[in-house]
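Okay, so here's the structure we're looking at.
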Amino acid sequence: MILAVASGKGGTGKTTVAVNLARVMGTPVRLLDCDVEEPNAHLFLGGETRSRDIVSLPVPVVDESLCDACGECGRFCEFHAIVSLATKPLVFAELCHGCGGCLRVCPRGAIAERERRIGVVETIESNGITVIRGLLDVGVAMAPPLVRAVKARLAPGVPAIVDAPPGTSCPVIAAVRGADFVALVTEPTPFGLNDLALAVDMVRELDLPLGVVINRIGVGDERVHAFCREKGIPILLEIPDDRRIAEVYSRGGIVVDALPEYRAHFERLRDRVEGGGRPS
Amino acid sequence: MKIAFTTSGESPEAPLDERFGRAPRFIVHDTDANTFETIDNRRSVEAAQGAGIQAAQTIVRAGVQALVTGHCGPKAFRVLTEAGVAVYNCGAATVSEALERFRAGTLEKASSADVDGHWA
């Protein structure tokens, strides 16, 4: 079972949900922190770092002595990472997604590849929870390959929770794709609703089953509930706007440990997710 | 020679756009034929990334030898320079005013990009 925890809007409580759910699993679980621009799940769980692997992308290197400036490489690259205008190609490595297409279309074999580092993947053991987190290098704007490197560390048969980046763009799709179920975390505000609607469209485009977690019940209005009813989306869990939860979070604590009355909430969420969103 | 100007409009009286990569259009003036032609840059405006590079390719393919714009970032500058297009930064309000300054020889050819990428 792979559960992705995602959200159109940032700051709605994705990591809170992911971490607390991992804590109530009761079996070994992998928590994949795919929010590679700001991974923070490990701050709540602690643990020991077991491995640290560098992740690189293959980017083109042109041998100008073999190039006849035919321009095929530049015509192929939709990201403009290699440009050839009747001149020797210019390479913009920071735009390269590492697909290797330019190398394949070059009729003269003038393109080779070198490795360009984009970040690291760390594995941290924390009391039955294996946290695997991607950490994008500062200045790199190429998250999807690093997200995929984190997900390559899924273990067959071991349940996994994927903490996705916020939004609905390429890094999020890289994180969510392949999940068995997607839990979208939102808050009952106009911003929360707007970004939830975008996220629902994204998940439906990927044809994945989904449910919604509404955090901070008590702020805002009822429109998120109405939206879910109208769209036939199950509401998996409602978390009240409880100041104590914010205090636990701000200290890097875990809600189900610090406030045991919430344990049953997250166990219910676990059961519903494992049942594909149906009421337990 | 052909000179390209960045603009949001359609005619020489239109404003000179400060941006290069994400300018809506280019007005290309052919000094020999004394003609003005408009080139759409919508594909670059809508590009998720690499707008400057794509716009520079459009300019080069149009056979332009000089570009007059507000600002030009490092990637676009590299493509333009490699292809032999001279870049002139200009604060004129309109395309025709920028053309007057170009004709008067008061514009200085840029030796490097004058802004970082994604400045606007």
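As the structure is a computational prediction, the values presented were derived from the model and not from experiment. We name chains A, B, ... by the order of the sequence lines, and we start the count at 1 in each one.
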Separation between OG1 of B/Thr58 and CG of A/Leu85, rounded to the nearest 0.5 Å: 9.5 Å

Value rounded to 0.5 Å, distance of CD in B/Glu82 from NZ in A/Lys88: 10.5 Å

Does atom [atom1] of [X] have more than 12 heavy-atom neighbours, drawn from other residues, nucleotides or ligands, at distances under 6.0 Å?
{"X": "A/Phe227", "atom1": "CZ", "answer": "yes"}
{"X": "A/Glu205", "atom1": "CD", "answer": "no"}
{"X": "B/Glu97", "atom1": "CD", "answer": "yes"}
{"X": "A/Phe76", "atom1": "CZ", "answer": "no"}
{"X": "A/Arg117", "atom1": "CZ", "answer": "yes"}
{"X": "A/Arg177", "atom1": "CZ", "answer": "no"}

Counting only heavy atoms closer than 4.5 Å, note whether A/Glu78 contacts chain B via side chain, backbone, both or neither.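 Contact with chain B involves no heavy atom of A/Glu78 at all.
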
Whatever's closer than 4.5 Å to a heavy atom in chain B on A/Leu95 counts as both

Which pair of non-hydrogen atoms, one from B/Lys75 and one from A/Glu94, has the smallest distance, and what is that distance?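 Looking at all heavy atoms of both residues, the closest pair is CE-OE2, 3.0 Å.
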
May I ask you to test the A/Val83-B/Arg78 pair for a side-chain heavy-atom distance under 4.5 Å?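 In short, these two side chains do not touch, never coming nearer than 4.5 Å.
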
Contact class of B/Val79 relative to chain A, heavy atoms under 4.5 angstrom: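 Both the backbone and the side chain of B/Val79 come within 4.5 Å of chain A.
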
